[in-house]
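Written out below as structure tokens is the structure these notes cover.
Side-chain atoms are counted along with the backbone in the values below, which use heavy atoms only and exclude waters and symmetry mates.
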Amino acid sequence: MMDIKRVISTIEKSYIKENLKKDQRIDGRGLWEYREFDIKTDTIAAAEGSCDISLGDTRIIIGVKYDIGEPYPDMPDEGVCTVMAELLPLASPLFERGPPDEESIELARVVDRGIRHADCVQTKKLCIQEGEAVYIVFVDMYVINHGGNMIDCGGVGALTSLISSHLPKGEWTKDGPQWSGEYFNGSDIVNELPLPITFGKIDDVLFVDPSLPEELVSDGRLTISVTENEITSIQKSGAATFTSE
């Protein structure tokens with residue numbers, strides 16, 4: 001990753017910190033105010049579900065694909081949903097070519113954990129034949145522009161792509177899984193919507209939806225994925241500490 005000192009100056013860092021202490025942010029938002037989401041669905045014709053989502057200047061394109069495979073031995077009647085992320089070098093000078101780094105792995109895992117720990121993807125409906133064949137659903141995120149808070153942008157985009165998805169419904173025959181001629185749609189696959197909410201922390205100031213400059217000077221961040229009734233996952237990164245309150 002590129003050295004942060006080459007991206008943000010000491011003067012800008014001090015300016016951001018001093019304004020946050022006054023409950024002000026460099027983009028004019030309040031401490032608890034989100035940037036606008038812009039979401040377009042079904043943007044990839046070859047995918048089973050997709051969306052092009054922006055949160056402020058952050059933009060991610062997400063596609064849903066599937067394969068048929070054997071279930072895990074401890075979940076013989078459940079399909080699998082997995083999330084992956086790629087940070088394209090064109091998205092930011094902070095990103096470099098090569099194998100996945102810590103930031104792309106964190107993005108994928110935090111989004112995946114929020115979905116996995118909720119009653120979101122109905123994995124039992126993705127079973128074709130117990131112990132033999134299930135759907136393996138891939139949610140692939142490609143970061144096109146990095147303007148901060150990729151986790152919330154990717155999390156909402158992943159849910160949107162799953163909701164917009166349509167999977168060919170399989171049935172078991174003596175020759176293995178065959179298409180029945182019908183489809184699963186998003187309402188068949190998705191139940192709860194675990195929304196990720198990310199907070200940044202600088203000194204003793206907390207704020208929601210950090211922009212890229214704020215992320216670069218933050219002491220840490222906290223992402224809480226929530227459904228209507230419960231918290232499904234919590235992920236902290238950075239050196240900052242957070243109290244229970």
Side-chain angles (χ1 to χ4, degrees), residues 39 41-53 60-87 99-100 104-143 151 154-196 223 225-235:
I39 305 173
T41 60
D42 300 321
T43 55
I44 306 174
E48 271 64 53
S50 62
C51 82
D52 183 342
I53 181 169
I60 304 178
I61 292 178
I62 302 170
V64 173
K65 295 294 288 181
Y66 79 97
D67 198 359
I68 304 296
E70 294 183 5
Y72 290 120
D74 57 337
M75 298 185 298
D77 62 343
E78 295 188 36
V80 178
C81 178
T82 184
V83 178
M84 293 179 284
E86 186 170 343
L87 310 183
S104 64
I105 293 170
E106 180 186 42
L107 171 59
R109 286 183 177 176
V110 175
V111 172
D112 183 270
R113 188 177 300 134
I115 292 172
R116 190 181 301 272
H117 290 181
D119 183 24
C120 179
V121 178
Q122 303 301 286
T123 53
K124 287 187 180 295
K125 290 185 178 180
L126 300 179
C127 177
I128 299 173
Q129 177 70 17
E130 183 173 344
E132 297 287 348
V134 297
Y135 290 89
I136 303 172
V137 178
F138 301 95
V139 181
D140 297 327
M141 301 186 291
Y142 297 91
V143 179
I151 290 174
V156 173
L159 292 173
T160 302
S161 297
L162 287 167
I163 291 170
S164 73
S165 65
H166 51 281
L167 302 179
K169 190 177 292 187
E171 58 185 8
W172 188 256
T173 70
K174 63 179 181 180
D175 298 319
Q178 302 288 336
W179 182 38
S180 67
E182 300 179 350
Y183 288 88
F184 289 114
N185 58 38
S187 61
D188 297 317
I189 299 170
V190 178
N191 185 26
E192 291 183 333
L193 298 177
L195 297 174
T223 299
S225 293
V226 296
T227 62
E228 186 175 358
N229 298 311
E230 63 181 2
I231 293 172
T232 64
S233 69
I234 300 176
Q235 174 76 20

Could you go through the side-chain contact (heavy atoms from CB on, under 4.5 Å) check for S233 and V110 one step at a time?
-> CA-CA 8 Å; S233 69; V110 175; 5.7 Å; no
Correct closest heavy-atom pair for T82 and D112 would be CA-OD2, 3.7 Å
Within the side chain of N185, is there an N or O that forms a donor-acceptor pair under 3.5 Å with the backbone of D188?
-> yes
Any D77 side-chain heavy atom under 4.5 Å of K124 side chain | yes
Give the C-alpha distance, both sets of side-chain angles, the deciding distance and a yes or no for side-chain contact (heavy atoms from CB on, under 4.5 Å) between L126 and V121.
-> CA-CA 9 Å; L126 300 179; V121 178; 4.0 Å; yes
Check for a donor-acceptor pair, side chain of S180 on one end and backbone N or O of K169 on the other, with a separation under 3.5 Å.
-> yes
Identify the two heavy atoms, one from G79 and one from V134, that lie closest to each other, and give their separation to 0.1 Å.
-> CA-CB, 3.8 Å
Where do T160 and I62 land on the side-chain contact (heavy atoms from CB on, under 4.5 Å) test, with the steps shown first?
-> CA-CA 9 Å; T160 302; I62 302 170; over 6 Å; no
Do the rings of Y135 and Y66 sit parallel, tilted or perpendicular, given the 30° and 60° boundaries?
-> tilted
If we only count heavy atoms from C-beta on, is the L193 to I163 side-chain gap below 4.5 Å?
-> yes
G49 versus S164, closest heavy-atom pair with distance | CA-OG, 3.8 Å
E70, CD: over 12 other non-hydrogen atoms inside 6.0 angstrom | no
Measure across C81 and R116 and return the closest heavy-atom pair with its distance rounded to 0.1 Å.
-> O-NH2, 3.3 Å
Taking T232 for its side chain and S225 for its backbone only, find out whether a donor-acceptor pair lies under 3.5 Å.
-> yes
Say whether, by atom type as modelled, one donor and one acceptor occur between the side chain of K65 and the main chain of A46 under 3.5 angstrom.
-> yes
Does any N or O in the side chain of Q122 come within less than 3.5 Å of the main-chain N or O of C120, such that one atom is a donor and the other an acceptor?
-> yes
S165 side-chain N/O to E48 backbone N/O, donor-acceptor pair under 3.5 Å = no
Could you check L107 against I151 for side-chain contact (heavy atoms from CB on, under 4.5 Å), going step by step and ending with a plain yes or no?
-> CA-CA 6 Å; L107 171 59; I151 290 174; 4.0 Å; yes
